[in-house]
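Here's the structure, in structure tokens; my notes come after.
Keep in mind that what you see is a predicted model, and the values were worked out from it rather than measured.
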Protein chains: 2
Amino acid sequence: MSRRVTSQDVADLAGVSRTTVSFVLNDVHRFSIRPETAEKVRLAAQQLGYYPNASAKALASNQTKNIGLIISRAPQYIASDPFLPQILSGLLDALKENSQGLLLEWVEPGQQLQTYLELTRAHHIDGMILMTPRLDDPGLRALEEADIPVVLMGYIPGSSLHSVDVDNLAAAETAVSHLIKLGHRCIACITNAALPYTSATQRLDGYKIALQKAGIAFDPALVREADFDIRSGYRAMKSLLESKQKFTAVFVASDNVALGAYSALSEAGLSIPDDISIVGFDDIPMASFVSPTLTSVAVSGQEIAIESYNLLTRLMRGDLPESRSVTLPTRLIPRQSSREIGRRGKRGAEN
Amino acid sequence: MSRRVTSQDVADLAGVSRTTVSFVLNDVHRFSIRPETAEKVRLAAQQLGYYPNASAKALASNQTKNIGLIISRAPQYIASDPFLPQILSGLLDALKENSQGLLLEWVEPGQQLQTYLELTRAHHIDGMILMTPRLDDPGLRALEEADIPVVLMGYIPGSSLHSVDVDNLAAAETAVSHLIKLGHRCIACITNAALPYTSATQRLDGYKIALQKAGIAFDPALVREADFDIRSGYRAMKSLLESKQKFTAVFVASDNVALGAYSALSEAGLSIPDDISIVGFDDIPMASFVSPTLTSVAVSGQEIAIESYNLLTRLMRGDLPESRSVTLPTRLIPRQSSREIGRRGKRGAEN
DNA sequence: AGCAACTATTAACGCGCGTTAGTAATGATT
DNA sequence: AATCATTACTAACGCGCGTTAATAGTTGCT
């Protein structure tokens, strides 16, 4: 149990003061240090295997070098989320460059305020990214006034917080229009999540607008709510089928949920796209590997993560961006699961 | 920009000393405090919205209240990992009870030593869990000597570090035996990852042993290596098909990879399980929702996470468990993707 | 020589908290 | 009455580091 190596040890070995060590290792150029001295210090540090204590550094500098990713969902809802790894992938990649750490947290509905206060006031993190925020999150107000940089992954109307998101409404509209162009008129919709999640509401709105523009009446009986995971997609589709409503296509606002819908359709002996066309959302990796391959709206989780991080770092540096929100592009990727109405054929033949 | 609230403020308002505040808020019973005094302190703290500064607390107590989850993989390899969310889900759930934080890190091969040293010496975390460790990780030795609790998610032969894992070898053997019992003799294998990952090696070994016990010669030409993601499964299966080797079943040591294999088979016009039987590994949520549903070895990511965390907390408390490693059960779940050889029938008919 | 203007370095303070050693006040025991 | 134990609290130090204000050392200029 060897004693911990402190900057004093480095100073002693190098024959300088602790201050000099700090200046050298932190590249403080304001006070000039002779190159040979700096070299001596660096050598001593390396020789001793010196790593500055994170807590002490954080305390003295008032910077933890950690950012927080807060997920507004209970753990059981993230267990089967194929989108989260993409976010993490992008974030971890970006963080490494600045040698920052990522603190992962989740908040349960009802505890948001408490959690945010704890996180910001206790200063565990220098900035935070809020994933899938909820419209009814009472803690957001507190964050607006907290003196810590915050970026929302997802848009909250009326909030003064900065945000990064795709244009969910337009993307959903494009997806549904795609189905309409293929001749479909009876189009059901399964949301990606409960409606307090803005992305769910926006995508549903996009669906409605597309219908409206095509002069199709919106029918609430054709809408089901899912909640992130596959099982909920399975249930939603089953419920649609059992309702005896007629429809020839379904817009499912999440690929993961869509794959649950696949399962329900297959179980019912219905063929995609011969009987039912499906359009998903997110373009998760699996979308191009299931059978039939899933038409989807491509959203890059990595890109959202990187963009969020960039925005956050700018906020942390103090230079306010001109715009409050960054909107990322989406792209509809037609695949086998959506097809002209009435047309039948060997699946995948057109690839 | 209101000044930060410190414990001194609380002390002043309550009319006691800072020490007393500390005793009350940290439930230090060694020095008894009169109940009324304690109540005064708690009230003052609440009134001021006092949250103890995490860095200062960490520095003084030598405990960060954070544990680290280290992933031995580059970000692009985690982007499509459906198993990671399960681990995170379990871990986050367990952590909340002890109000600890989760610091997520990844290490790139070649940087392990450096990263581990930084993480432990700089004392960012109180303990660490190492996910998917590699056999050839040169940093593990250093961790054995570091005075920080470490738990490996996955077994490394010869390491003195504690570990939590499923019995990969036995599980793989069971999976392959299942195929053999169904009459298959020519069974290919696609690994879940590169062989330096022990889970990959062990599962491959299980495959070999099952063959051996059945008196089937091992043929290296029937083995392909994948690396976590779907695409690699697609490639591996494609390579198998193009090799013109004959086989009637494939053991794929990862569900995610197996779904890539599904795609390649479907593209080649082959039917599962009529032409080829498939057994996967992990039983990710999607396994029971794809078509045909995927026979798999059930491994609970949540359980692994929770067990790892329990082990870690015990190590952090200082009471060494009797055994160095915890082995979790697995269970083969037969589904539609594996079927008696030669038998043909309508897919899913037996459900 | 004398003064200013740098350059290189350090002493010393503060960040906010945990904790030990010690004090004052009260009650119990001889 | 004197001693001791117990209760209820506090003064003061240390955790390891960043940083400011001050100090010695050097060079340039008149």
Side-chain angles (χ1 to χ4, degrees), chain A residues 1-42 44-45 48-66 118 120-124 126, chain B residues 1-42 44-45 48-65 118 120-124 126 147:
Chain A
M1 189 70 82
S2 57
R3 219 178 52 73
R4 164 178 290 156
V5 179
T6 74
S7 68
Q8 184 63 61
D9 299 329
V10 177
D12 292 346
L13 181 59
V16 297
S17 81
R18 216 172 49 66
T19 310
T20 305
V21 172
S22 175
F23 286 163
V24 172
L25 299 185
N26 293 324
D27 283 319
V28 178
H29 291 295
R30 200 151 28 87
F31 301 87
S32 41
I33 305 269
R34 215 187 315 152
E36 307 96 75
T37 311
E39 201 43 47
K40 259 195 312 184
V41 170
R42 262 185 273 271
L48 293 174
Y50 169 68
Y51 290 89
N53 180 279
S55 311
K57 201 162 180 161
L59 180 58
S61 69
N62 205 21
Q63 279 198 31
T64 63
K65 286 286 192 182
N66 286 150
E118 149 83 26
T120 55
R121 300 275 253 277
H123 203 260
H124 281 101
D126 296 336
Chain B
M1 188 69 84
S2 59
R3 218 178 52 72
R4 165 179 288 153
V5 178
T6 75
S7 67
Q8 184 64 62
D9 299 330
V10 177
D12 290 348
L13 181 58
V16 298
S17 81
R18 217 173 47 67
T19 309
T20 304
V21 172
S22 175
F23 286 163
V24 171
L25 299 184
N26 293 323
D27 282 318
V28 178
H29 292 293
R30 199 150 30 89
F31 301 87
S32 41
I33 306 270
R34 214 187 317 151
E36 308 95 77
T37 312
E39 202 42 49
K40 259 197 310 184
V41 170
R42 263 186 273 271
L48 293 174
Y50 169 68
Y51 289 90
N53 180 279
S55 310
K57 199 162 182 161
L59 179 59
S61 69
N62 206 21
Q63 277 200 36
T64 63
K65 286 286 191 178
E118 150 83 25
T120 55
R121 300 277 254 275
H123 203 261
H124 280 101
D126 296 335
D147 49 355

Q: List the atom of A/Arg18, the atom of A/Ala11, and the distance in Å for their closest heavy-atom pair.
A: N-CB, 3.6 Å
Q | Value in whole Å for how far the P atom of C/dT10 lies from CD of A/Gln8 | A | 11 Å
Q | Length of the CD-C1' vector between A/Glu36 and C/dT9, whole Å | A | 14 Å
Q) With a 4.5 Å heavy-atom cut-off, do A/Val24 and A/Thr37 have their side chains touching? A) no
Q) Where is the tightest heavy-atom contact between A/Thr64 and B/Ser55, given as atom of each residue plus distance? A) CG2-OG, 4.1 Å
Q. Taking the side chain as C-beta and beyond, is there a heavy-atom pair between A/Lys40 and A/Thr20 under 4.5 Å?
A. no
Q: Would you mind reading off the distance between B/Leu25 atom CG and C/dG18 atom P, rounded to a whole angstrom?
A: 8 Å
Q | Protein-nucleotide distance (A/Asn62, atom CG; C/dC17, atom P), rounded to Å | A | 12 Å
Q. Below 4.0 angstrom from OP1 or OP2 of C/dC17, is there any side-chain N or O of B/Tyr51?
A. no
Q: Round to a whole Å and report the spacing from CG of A/Leu48 to P of D/dG16.
A: 15 Å
Q) Would you say B/Asn26 reaches C/dG18's phosphate, i.e. side-chain N/O to OP1/OP2 under 4.0 Å? A) yes
Q: Check the distance between C/dT19's C1' and B/Phe31's CZ and give it to me in whole angstrom.
A: 7 Å
Q. Starting at the 5' end of DNA chain D and moving along, which residue's nearest nucleotide shows up first, A/Leu59 or B/Ile33?
A. B/Ile33
Q. Does a nitrogen or oxygen in the side chain of B/Lys57 sit under 4.0 Å from OP1 or OP2 of C/dG16?
A. no
(Q) Does C/dT7 have its OP1 or OP2 closer than 4.0 Å to a side-chain nitrogen or oxygen of A/Ser32? (A) no
Q.
Can you tell me if B/Ser61 touches the phosphate of C/dG18, counting only side-chain N or O atoms and a distance under 4.0 Å to OP1 or OP2?
A. no
Q. Whole-Å distance between D/dA8 C1' and B/Lys40 NZ?
A. 11 Å
(Q) Nearest to the A/Pro52 side chain among C/dT19, C/dC17, D/dC17, which nucleotide is it? (A) D/dC17
Q: Return the minimal non-hydrogen interatomic distance between A/His123 and B/Ala54, and the atom names on each side.
A: O-CB, 4.3 Å
Q) Closest to the B/Thr37 side chain: D/dC17, D/dC9, D/dT20? A) D/dC9
Q: With the side chain counted from C-beta on, respond yes when B/Lys57 and B/Lys65 share a heavy-atom pair under 4.5 Å apart, and no when they do not.
A: no
Q: Starting from P on C/dG18, measure out to CD on B/Gln63 and report it in whole angstrom.
A: 11 Å
Q: Looking only at side-chain atoms of A/Ala60, point me to the closest of D/dC9, C/dT9, D/dC17.
A: D/dC17
Q.
Minimum heavy-atom separation for B/Val5 and B/Tyr50, please, with both atom names.
A. O-CD1, 3.5 Å
**Q.** Residues in contact with DNA chain D, drawn from residues 10-22 of chain A - heavy-atom cutoff 4.0 Å
**A.** A/Arg18, A/Thr19, A/Ser22
